[in-house]
Amino acid sequence: MAELKRLSESRDLTRIERIGAHSHIRGLGLDNSLEARAASEGMVGQLPARRAAGLILELIRQGKIAGRAVLLAGQPGTGKTALAMGIAKSLGAETPFASVAASELFSLELSKTEALTQAFRRAIGVRIKEEAEIIEGEVVEISIDRPLSAAAGSSAGPSGATAPGKTGRLTLKTTDMETVYELGGKMIEALGKEKVQSGDVIALDKASGKVTKLGRSIGRSRDYDAVGPHTKFVKCPEGELQKRKEVVHCVIT
Ligand SMILES: Nc1ncnc2c1ncn2[C@@H]1O[C@H](COP(=O)(O)OP(=O)(O)OP(=O)(O)O)[C@@H](O)[C@H]1O
């Protein structure tokens, strides 16, 4: 019984979030000189208020009001939340927007501090910059070892079903060097998923094993009479195959 009671008490703010009536808002609808357009990005009218919000947006972009708050005052339903959302949308997809209504807080069985902490947590985005070890080069050849049992696979390429114990070799080159890498089952599967073939320029993240196809090597452009609209030709990388690159990810709760 005690266990049941505890479960029913642990309520979360997200459960009673209101259905957003602001899905039409994509920004503040301003031009380059921060003047409000009559109707743009889902916003109409309210020109002076949108222009003022644009000035706040610029201050945020320049990092000049970090740690401060802005109070918007006005009659109910006049667009205060819409302006706040317009600012958040203009700052980009990595800027979270969290809204809390006072009436929700006071009807919750949750402590007010906990409810506000949860809301703040949802409003925080974290940008992580890290250096990753990347192997970047043009694929010269992929060879998959033929399994002992003849029916289990072929040496034609990495695509198709993969056996967990499969092994193979990947030959990559830059304009200055060429190296053969041993492949395990997981890597063969990742290359197959991306449909990697010789002539592709790829990047392999050493830590996660993630394979990214950067495009076809320009040197191979004569292999085709015609290519699809999504085929991108890139230069064969120069220098060392293994590089350290700065990667940025954004984490939004
Ligand atoms: N300038 C605008 N252009 C387009 N839609 C708007 C504009 N201003 C407000 N709206 C829409 O009108 C509705 C009411 O606005 P909003 O909820 O922003 O008002 P509010 O001032 O925050 O209200 P309350 O004080 O009751 O919280 C929302 O659906 C909002 O998206």
Side-chain angles (χ1 to χ4, degrees), residues 3-130 212 229-230 232 246-253:
E3 189 68 19
L4 274 178
K5 188 147 194 318
R6 212 175 317 130
L7 278 177
S8 65
E9 274 175 5
S10 67
R11 297 195 56 194
D12 197 280
L13 251 192
T14 48
R15 280 199 209 162
I16 55 159
E17 244 173 329
R18 288 186 301 176
I19 293 168
H22 307 283
S23 50
H24 56 291
I25 292 168
R26 299 183 307 280
L28 288 170
L30 307 177
D31 62 18
N32 291 341
S33 55
L34 295 184
E35 286 300 330
R37 295 193 181 100
S40 173
E41 294 184 310
M43 285 285 203
V44 288
Q46 295 281 33
L47 305 186
R50 281 161 57 204
R51 187 171 184 282
L55 294 177
I56 295 168
L57 174 66
E58 267 313 292
L59 289 174
I60 297 171
R61 280 192 178 135
Q62 292 169 15
K64 289 192 178 156
I65 57 168
R68 311 225 181 143
V70 176
L71 176 68
L72 303 179
Q75 296 290 317
T78 47
K80 299 180 293 293
T81 315
L83 286 176
M85 176 162 263
I87 293 175
K89 291 268 167 154
S90 307
L91 289 169
E94 292 171 353
T95 304
F97 180 81
S99 71
V100 191
S103 53
E104 285 171 9
L105 286 187
F106 282 95
S107 62
L108 279 174
E109 288 163 24
L110 206 62
S111 95
K112 308 299 167 252
T113 317
E114 174 56 21
L116 286 173
T117 310
Q118 280 190 22
F120 274 121
R121 218 175 276 147
R122 278 188 286 129
I124 292 172
V126 181
R127 183 171 289 151
I128 302 167
K129 272 191 191 175
E130 60 176 6
T212 313
H230 301 300
K232 193 168 119 197
E246 195 173 81
V247 191
V248 181
H249 341 252
C250 240
V251 183
I252 301 171
T253 49

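Atoms within each ligand, like the ligands themselves, are counted from 1 in listed order.
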Is any N or O atom of Gly77, backbone or side chain, closer than 3.5 Å to an N or O atom of ligand 1?
yes
For Gln75, does the CD atom have more than 12 heavy-atom neighbours from other residues, nucleotides or ligands under 6.0 Å away?
no
Quick check: does Arg50 get an N/O under 3.5 Å from an N/O on ligand 1?
no
Going by the order shown, which atoms of ligand 1 are within less than 4.0 Å of some heavy atom of Gly42?
3 (N), 4 (C)
Suppose I only count heavy atoms of His24 and a 4.0 Å limit; which atoms of ligand 1 are within that range?
4 (C), 5 (N), 31 (O)
Taking C-beta and beyond as the side chain, do Arg37 and Leu30 meet within less than 4.5 Å on heavy atoms?
no
Using side-chain heavy atoms (C-beta onward) and a distance below 4.5 Å, is Val70 in contact with Ile65?
yes
For ligand 1, indicate whether the residue Gln46 contacts it via side chain, backbone, both or neither (heavy-atom separation under 4.0 Å).
side chain
Any heavy atom of Met85 closer to ligand 1 than 4.0 angstrom?
no
Once you round to the nearest 0.5 Å, how far does CE of Met43 lie from CE of Met85?
9.5 Å
Give a yes or no on this: more than 12 heavy atoms of other residues, nucleotides or ligands lie within 6.0 Å of atom NZ of Lys112.
yes
Within ligand 1, which atoms have a heavy atom of Ala21 less than 4.0 Å away?
28 (C), 29 (O), 31 (O)
How close do Phe97 and Ala84 get, heavy atom to heavy atom, and via which atoms?
CE1-C, 3.7 Å
Heavy-atom contacts with Met43 under 4.0 Å: which atoms of ligand 1 show up? List them by number with element.
1 (N), 2 (C), 3 (N), 4 (C)
Determine, considering heavy atoms only, which of Val44, Leu72, Ile25 sits nearest to atom 2 (C) of ligand 1.
Val44
OG of Ser90 to CG of Leu28: how many Å apart, nearest 0.5 Å?
4.0 Å
